[in-house]
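These values consider heavy atoms only, across backbone and side chains, with no hydrogens, waters or symmetry-generated copies.
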Amino acid sequence: MSIAFTWGVPDPVAAEGSDAQRLQKFVDTALTLKRRIDLMLALPIDKLDAMALTHELRSIGQS
């Protein structure tokens, strides 16, 4: 099964501001990705068909 999806997040490299503000953008990005990965890993993948799985992954990306 092949599933395609994206979880676009702002690139923290493009962040402007003080060193602390830029560091916070990296932390925010890492936390967003961690939360989304945790949600993805909690999905009952073996019980979802490709369409349902794609829907769930896209929903996670909007959180």
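- Every residue two or more places apart in sequence or in another chain that forms a salt bridge (charged side-chain N to carboxylate O under 4.0 Å, His left out) with D19 is listed here: R22.
- Put simply, I60 and I45 are part of the same group of oily side chains (I, L, V, M, F, W, Y) that touch within less than 4.5 Å, one to the next.
- One finds the CZ atom of R58 at 10.5 Å from the CG atom of L53 (value rounded to the nearest 0.5 Å).
- Only one option out of D38, L33, T32, I37 pairs with R35 in a side-chain contact (heavy atoms from CB on, under 4.5 Å); it is T32.
- Linking ILVMFWY residues whenever their side-chain heavy atoms come closer than 4.5 Å, directly or via other members, places L41 and L39 in the same cluster.
- Checking side-chain atoms of Q62 against main-chain N and O of S59 turns up no donor-acceptor pair under 3.5 Å.
- Atoms CG and CD, from L23 and Q21 in turn, are 11.0 Å apart once rounded to the nearest 0.5 Å.
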Inset, instruction - Could you walk me through whether L57 and L43 pass the side chain to side chain contact (heavy atoms under 4.5 Å, CB included) test, one step at a time? - result: CA-CA 9 Å; L57 293 172; L43 289 173; 3.9 Å; yes

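- Scanning for side chain to side chain contact (heavy atoms under 4.5 Å, CB included) contacts around P12 gives K25, F26, T29, with sequence neighbours left out.
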